[in-house]
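Below is one structure, written out as structure tokens, with a few remarks after it.
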Amino acid sequence: MKLHCRTVIVLLLGLIYSISVRGENDRSTPADKYQAGSQYLAYPRPAYGLPRLTKAPEGYVPFHIEHYGRHGSRWLLKDDKYDRPVEYLEKAGRNGKLTPRGQQLLAQLRDIRKASKNRVGELTPLGHRQHRDIARRMTENFPEIFVPGTHVDAKSTVVIRCILSMANEIAELQRICPGLTVSCDASRATQKILAYNSTDTVAKKLARKVEKELWDRYGDEMDKKYGDHSAFISKIFNDPAFVADSLDEAKVFDAIFDVAVNTQSHDDQAEFYDVFTSEELHNNWLLNNASWYISAGNSALTSNRVPYNQRVLLRNIIESADTAMVSPRLSANLRFGHESIVLPLTILMEINDSALDIGEFDADTPAKLAERWRNYEIFPMGSNIQIVFYRPSDKPSYSPDEVLVKVLLNEEEATLPVKPVQGPYYRWKDLRDHYTAKLDGFSSRFNE
């Protein structure tokens, strides 16, 4: 399967621009309920406009960007994500066990299920807008790069929501700067680079094994600390004993929770966070946050191995940047994929404090972890890593050793694991050496 840029853009341009650009959703209510969705958090929209970026060191200008971005907001991935909540409440309704709010919720869930048919996993209109906005801000943040003649190379996984995310960004870039030279591709030939964790079975099996062991050991205690759903049950069902005997309380809660937190991916789905208490939302997020940490984090519990499932992608970024430095033209390499890549890549690159190792794990760990490591800060819908390269402006030729770099995580300046030159700016040679040694060390340690 191979889709080239011209075909994608021609076929989808009409679709992209036919989507109604509606006003921003109201975010005046407390943010915690949105963040409780973890990977479902809709991409942050700064109320004040563009993030404030630190001016480049004197005599330096940006000339190249390496990028990896997650697709934008989407529908849930499977039909049963919408079917099961309805089935649970219909069973209770047939037995007269729903409260008035439960009956109202059933009607809401039926409407959402109906709208989801033939849409599961697809990008929503908000997801389209997120990527057009990211592209526009990229040109505003780095106008020196996006000029006529700049080469933009974009690649996506073969999943349609990622292809559409790429198409939106490319379309917006070309709208703003028609003189760009653009190539883009969605091919299985590059799938192993853009979605390598899907093939790294060793890391996945290790993470699943460790998580199962931890939940087997501490699950009952964690349920006592974080698994009280009684307020939710009493709001929806008039007979808690029926839920205990005929339904699975935790499964009912989780099924409705997933639909609830993903309403923020849509412009036209009414929210129903009111069926949960703030404590229920927070506690469920604590467990999800801990689960994501085990599956992707830099943890001794998984031999600090799991983030290395993005080693192929990081080497590709390094090699692509090295190639850009010996080219006279301005350029940007854009990659589009999934949160399951953004999260471990961020950790492997040691961006901000993401590579935290919490050490031992027990029932108190989810709450302690949340004080220092929060998944929604890394991989909301539309999340992205931008690595921006700077060279001396007054030299027709320069050494790669003179190149500076800064990293934006979700368009905010980030810290990196080497000594900065000035503010958020680092010497590329130092960062490249650090990452190369790290990747080589992994290969030596695990004989891969």
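- Taking 4.5 Å as the limit, every side-chain heavy atom of Tyr293 sits out of range of all side-chain heavy atoms of Arg374.
- Under a 4.0 Å N-O distance rule, the pair Glu402/Arg427 does not qualify as a salt bridge.
- Put simply, the side chain of His131 does not reach to within 4.5 Å of the side chain of His128, judged on heavy atoms.
- Ring planes of Phe389 and Trp428: perpendicular class, angle over 60° (limits at 30 and 60°).
- Between Lys33 and Asp274, no side-chain nitrogen of the basic residue sits less than 4.0 Å from a carboxylate oxygen of the acidic one, so the salt-bridge criterion is not met.
- Counting heavy atoms from C-beta outward, Asp440 and Thr436 have side chains that approach closer than 4.5 Å.
- Contact of the Tyr435 side chain with the Arg315 side chain is not registered, since no non-hydrogen atoms from C-beta on lie closer than 4.5 Å.
- A distance of 12.0 Å separates CG of Asp394 from CZ of Arg391, quoted to the nearest 0.5 Å.
- With contacts defined as side-chain heavy-atom distances shorter than 4.5 Å, the pair Phe276/Asn284 does not qualify.
- Using a 4.5 Å heavy-atom threshold, the side chains of Ser393 and Tyr60 count as separate.
- Tested against Glu172, the residues Asn168, Ile170, Ile176 include a single side-chain contact (heavy atoms from CB on, under 4.5 Å) partner, Ile176.
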task: Start with the C-alpha distance between Val159 and His71, add both sets of side-chain angles, then the distance that settles side chain to side chain contact (heavy atoms under 4.5 Å, CB included), and finish with yes or no.
output: CA-CA 10 Å; Val159 178; His71 58 74; over 6 Å; no

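- A distance of 4.0 Å separates CG in Leu343 from CD1 in Ile347, rounded to the nearest 0.5 Å.
- Note on Asp322 versus Arg432: salt bridge recorded, some NZ/NE/NH1/NH2 to OD/OE distance being below 4.0 Å.
- Residues Arg335 and Glu66 are paired through a salt bridge, judged by an N-O separation under 4.0 Å between the basic side chain and the carboxylate.
- A heavy-atom distance below 4.5 Å is not found between the side chains of Ile387 and Tyr68.
- Between Tyr425 and Tyr390, the two ring planes are perpendicular [angle over 60°; tilted spans 30° to 60°].
- Of the candidates Glu411, Glu412, Glu169, Arg137 forms a salt bridge (charged side-chain N to carboxylate O under 4.0 Å, His left out) with just one, namely Glu411.
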- prompt: Given Asn375 and Trp285, is the side-chain hydrogen bond (donor to acceptor under 3.5 Å, both in side chains) satisfied, shown in steps?
  reply: CA-CA 9 Å; Asn375 56 12; Trp285 170 75; 2.9 Å; yes

- request: Decide side-chain hydrogen bond (donor to acceptor under 3.5 Å, both in side chains) for Ser38 and Asn288; before the verdict, give the C-alpha distance in whole Å, the side-chain angles of both, and the deciding distance to 0.1 Å.
  value: CA-CA 7 Å; Ser38 297; Asn288 286 336; 4.6 Å; no

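- How far CD of Glu144 is from CG of Leu330: 9.5 Å, rounded to the nearest 0.5 Å.
- Salt bridge Asp362/Arg217: absent, no basic N to carboxylate O contact under 4.0 Å.
- Rounded to the nearest 0.5 Å, atoms NZ (Lys155) and CD (Gln191) are 13.0 Å apart.
- The aromatic rings of Phe253 and Phe257 sit parallel, their planes meeting at an angle under 30°, below the 60° perpendicular limit.
- The pair Lys429-Asp401 does not count as a salt bridge, with every side-chain nitrogen at least 4.0 angstrom from each carboxylate oxygen.
- Centroid-to-centroid, the aromatic rings of His67 and Phe336 come within less than 6.0 Å.
- With a 4.5 Å cut-off on side-chain heavy atoms, Asn352 and Leu409 count as touching.
- A salt bridge is absent between Asp254 and Lys251; no separation between the charged side-chain nitrogens and carboxylate oxygens falls under 4.0 Å.
- Using modelled atom types and a 3.5 Å distance limit, the side chains of Tyr43 and Asn384 yield a donor-acceptor pair.
- Annotation: the span from Ile256 atom CD1 to Arg84 atom CZ amounts to 10.5 Å, rounded to 0.5 Å.
- Ring orientation note: the planes of Tyr218 and Phe361 are tilted relative to one another, at an angle of 30° to 60°.
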- prompt: Stepwise, does the side chain to side chain contact (heavy atoms under 4.5 Å, CB included) test hold for Gln39 with Glu339?
  reply: CA-CA 7 Å; Gln39 74 271 30; Glu339 83 272 29; 3.8 Å; yes

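- Here the CG atom belonging to Asp80 is positioned 12.0 Å from the CZ atom belonging to Arg113, to the nearest 0.5 angstrom.
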